[in-house]
Amino acid sequence: MKLLIQAVFIAALLLMAVPSAHGQDAEYSRKGADTCIACHGDAEIMTLFHTKHGAPSNSQGPFGDGQLQCEACHGPGGAHAGRVRRGQERPSVIRFVADSATPVEEQNGMCLACHQNDVGFSWHTGAHPGDEIGCADCHDLHASADAVRQTSTQPDVCFTCHQMQRSETRKAFSHPIFEGKMDCMGCHNMHGDNAATQLARLNVNDTCQQCHAEKRGPYLWEHAPVSEDCGLCHAPHGSNHPGMLTKRAPLLCQSCHSQSGHPSIPQDAGGLAGGSPSQFLLGQSCTNCHSQVHGSNHPSGSRLMR
Ligand code: HEC
Ligand code: HEC
Ligand code: HEC
Ligand code: HEC
Ligand code: HEC
Ligand code: HEC
Ligand code: HEC
Ligand code: HEC
Ligand code: HEC
Ligand code: HEC
């Protein structure tokens with residue numbers, strides 16, 4: 001019996017002493033957060049207690065009963081919290097910032113220790129390279145409101161890295177992202193089942209049809225590219241052409257359709273060619289006649305004209 005107790009005691013000690021990033025054994029502080037707060041009681045750190053992570057009622061969270069509190073994320077801080085001799089450097093804990101001494105994968109590992117089931121699996125198949133992008137590149141865990149999870153502030157978090165999408169969403173015709181009415185998660189999903197495409201639904205069309213259900217059909221007369229991929233004609237992040245089109249009609253239509261034997265007049269580099277362009281090609285262009293570009297349910301709508 002005595003031996004057993006001893007073994008348990010030793011096992012517990014071993015658990016408390018895990019190898020740190022620097023190779024030597026590191027220990028957890030004795031009093032947990034109380035120790036840390038003695039030096040880190042500033043408001044911007046304490047806001048953690050306004051989040052789910054800081055709630056003791058969250059038994060699986062860092063402040064649940066028997067959990068490691070601050071050190072659940074920052075790693076063993078016994079040496080860091082201890083006395084430091086004059087002239088000596090304070091041993092570091094895990095930092096979640098760009099110049100951190102801890103590799104990104106290891107930082108993420110601290111989070112995935114608890115978030116393997118809800119996030120971990122999709123994280124490893126997702127487009128964000130897990131050894132380059134940290135959870136903390138998007139999530140601000142000490143803030144009472146995590147910017148990346150608020151519609152009005154989320155795009156700015158993404159734009160720190162995705163500059164191109166910033167300029168696209170500022171074009172004349174775009175989704176109401178800058179108005180704060182929609183965020184990137186309207187179409188994307190960072191942690192869901194479709195992590196490989198990072199889209200909210202399985203493919204582009206399913207994603208768009210969440211909100212544009214009327215474009216789902218079924219149509220009596222389908223327009224092939226519409227059922228294939230909305231992105232063949234629309235720039236999802238924004239465009240300078242009305243309707244967020246990738247090109248203006250007729251160029252858009254003519255990228256797939258030849259105009260030979262057709263009432264329409266083609267356009268060449270000099271503009272509308274032939275000297276007497278059909279007036280129908282101006283303004284709404286091809287859609288003057290073919291108004292049902294997404295498909296038609298009219299019995300005689302085979303040419304998408306009604
Ligand atoms: C005796 C005071 C003291 C205690 C106790 C203390 N820290 Fe620190 N901590 C500091 C100082 C001073 C710095 C700044 C170190 C530097 O700039 O080199 C710091 C820096 C940090 C940083 C920034 C990263 C770094 O290493 O520079 C983190 C994160 C941190 N502490 C977390 C903790 C946690 C978690 C605990 C509890 C386990 C804790 N601290 C306990 C004094 C303390
Ligand atoms: C759920 C994980 C988590 C917990 C728990 C946590 N932190 Fe943090 N901490 C982070 C992350 C991530 C950052 C990086 C900045 C951010 O996201 O807010 C950070 C940043 C910090 C910083 C600034 C470090 C720097 O590099 O400038 C300090 C200091 C700090 N934490 C101390 C603490 C203390 C003290 C506690 C306990 C009261 C604590 N943290 C609990 C995740 C956590
Ligand atoms: C000790 C376990 C633990 C650790 C470590 C941990 N979390 Fe959590 N986290 C939780 C729990 C529990 C919740 C609450 C889940 C719920 O109530 O739905 C949570 C919630 C969250 C949420 C959602 C918060 C909300 O308000 O809904 C985010 C985002 C999150 N964690 C990210 C992280 C990141 C990033 C890290 C690493 C820096 C991390 N977590 C580390 C246990 C943990
Ligand atoms: C590219 C930005 C980004 C990165 C990187 C990221 N997240 Fe998230 N995370 C989000 C967004 C956005 C949401 C909100 C999802 C929503 O509103 O539907 C979220 C939500 C969450 C939630 C809440 C529960 C859920 O599934 O909605 C948890 C927990 C979470 N993230 C943990 C993590 C962890 C752990 C990591 C690192 C392995 C991580 N996140 C990396 C953007 C990110
Ligand atoms: C810290 C930088 C960073 C942040 C912040 C970030 N990303 Fe990314 N993102 C990347 C990197 C790096 C890739 C990998 C592909 C690449 O190199 O472009 C990527 C890939 C993607 C992809 C897939 C690209 C493809 O080619 O398939 C999508 C979609 C995406 N991010 C959306 C988002 C959204 C939405 C947010 C905000 C919630 C966000 N990202 C925040 C850096 C970031
Ligand atoms: C209206 C839907 C929608 C919204 C809103 C949206 N995206 Fe996208 N995004 C898409 C589609 C569709 C793709 C192309 C995916 C494909 O073809 O596989 C894409 C692709 C991307 C890519 C990969 C690069 C590329 O252009 O192919 C990144 C990065 C990206 N989006 C970031 C963002 C960011 C950041 C936001 C928020 C500001 C955002 N997206 C909002 C639909 C959207
Ligand atoms: C989360 C909902 C949502 C999703 C998903 C969505 N949209 Fe939209 N879409 C909107 C809203 C809101 C508007 C603006 C309507 C308005 O201003 O009246 C809009 C407007 C548009 C417009 C008209 C723009 C204009 O200038 O008239 C087009 C085209 C469009 N969306 C295409 C798409 C495509 C393509 C996708 C998929 C890549 C998509 N949408 C996904 C909500 C969504
Ligand atoms: C063959 C090219 C093409 C494809 C593919 C396409 N569209 Fe369009 N879409 C157009 C054109 C052209 C307009 C402008 C119509 C106009 O001027 O009235 C438009 C307009 C729109 C509008 C705004 C006006 C309206 O009719 O509500 C929405 C929303 C829209 N499309 C959604 C979608 C969705 C969702 C998909 C995929 C299911 C899709 N489109 C596929 C060509 C296309
Ligand atoms: C990405 C390629 C693509 C684009 C862009 C495109 N189409 Fe089509 N369109 C097709 C395909 C493929 C068919 C089916 C042809 C078939 O069944 O023989 C089709 C069919 C049609 C038909 C019906 C033809 C028939 O035989 O009944 C009309 C009308 C039409 N498109 C008009 C347009 C107009 C107007 C535009 C521009 C707004 C446009 N298309 C843009 C690929 C495209
Ligand atoms: C003045 C009205 C009008 C305009 C403008 C117009 N079309 Fe047509 N289109 C028609 C009619 C009428 C037919 C049916 C012709 C037939 O059955 O012989 C047709 C047929 C088609 C077909 C079916 C294939 C074929 O040749 O029979 C396609 C594809 C098509 N148009 C594409 C376009 C494109 C692309 C544009 C713009 C460059 C365009 N149309 C502009 C009236 C128009």
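Atoms within a ligand are numbered from 1 in the order they appear, just like the ligands themselves.
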Separation of Gln154 CD from Ile177 CD1 (nearest 0.5 Å): 9.0 Å
Ligand 2 contact on Ile45 by region, counting heavy-atom pairs under 4.0 Å: side chain
Residue pair Thr151 / Lys181: nearest heavy atoms and the distance that separates them: CG2-C, 4.2 Å
Heavy-atom donor-acceptor pair, Thr197 side chain to Leu199 backbone, under 3.5 Å: yes
Give every pair formed by an N or O atom of ligand 4 and a protein N or O atom closer than 3.5 Å, one pair per line with both atom names and the distance to 0.1 Å, or write none.
unit_1   : atom_1 : unit_2 : atom_2 : d
ligand 4 : 7 (N)  : His139 : NE2    : 2.8
ligand 4 : 7 (N)  : His191 : NE2    : 2.8
ligand 4 : 9 (N)  : His139 : NE2    : 2.9
ligand 4 : 9 (N)  : His191 : NE2    : 2.8
ligand 4 : 31 (N) : His139 : NE2    : 2.8
ligand 4 : 31 (N) : His191 : NE2    : 2.9
ligand 4 : 40 (N) : His139 : NE2    : 2.9
ligand 4 : 40 (N) : His191 : NE2    : 2.9

For Cys36, atoms of ligand 2 separated by under 4.0 Å from a heavy atom: 35 (C)
Distance-only donor-acceptor check, side chains His298 and Ser300, under 3.5 Å: yes
Proximity of His237 to ligand 6 by residue part, where a heavy atom lies under 4.0 Å: side chain
Per-atom contacts, ligand 2 versus Cys73 - under 4.0 Å to a heavy atom: 1 (C), 2 (C), 3 (C), 4 (C), 5 (C), 42 (C), 43 (C)
Sub-4.0 Å atoms of ligand 6 with respect to non-hydrogen atoms of His175: 1 (C)
N/O donor-acceptor pair under 3.5 Å between Thr102 side chain and Gln107 backbone: no
Numbering as shown, the atoms of ligand 2 that approach His40 to under 4.0 Å (heavy-atom distance): 29 (C), 35 (C)
Ligand 2 atoms in contact with His142 (distance to a heavy atom under 4.0 Å): 6 (C), 7 (N), 8 (Fe), 9 (N), 10 (C), 18 (O), 19 (C), 20 (C), 21 (C), 30 (C), 31 (N), 33 (C), 39 (C), 40 (N), 41 (C), 43 (C)
Under 3.5 Å: N/O of Thr169 near N/O of ligand 6: no
Short side-chain to backbone donor-acceptor contact, Gln116 and Ala113, under 3.5 Å: no
Co-members of the apolar cluster containing Met46 [side chain, <4.5 Å]: Ile37, Leu48, Phe49, Phe63
Ligand-residue contact atoms, ligand 6 with Phe159, heavy atoms, under 4.0 Å: 38 (C)
Flag if over 12 foreign heavy atoms under 6.0 Å of NZ, Lys171: yes
Shared hydrophobic cluster for Leu232 and Leu252 (ILVMFWY, side-chain gaps under 4.5 Å): no
Point-to-point distance, once rounded to the nearest 0.5 Å, from OG of Ser29 to CD of Gln69: 8.0 Å
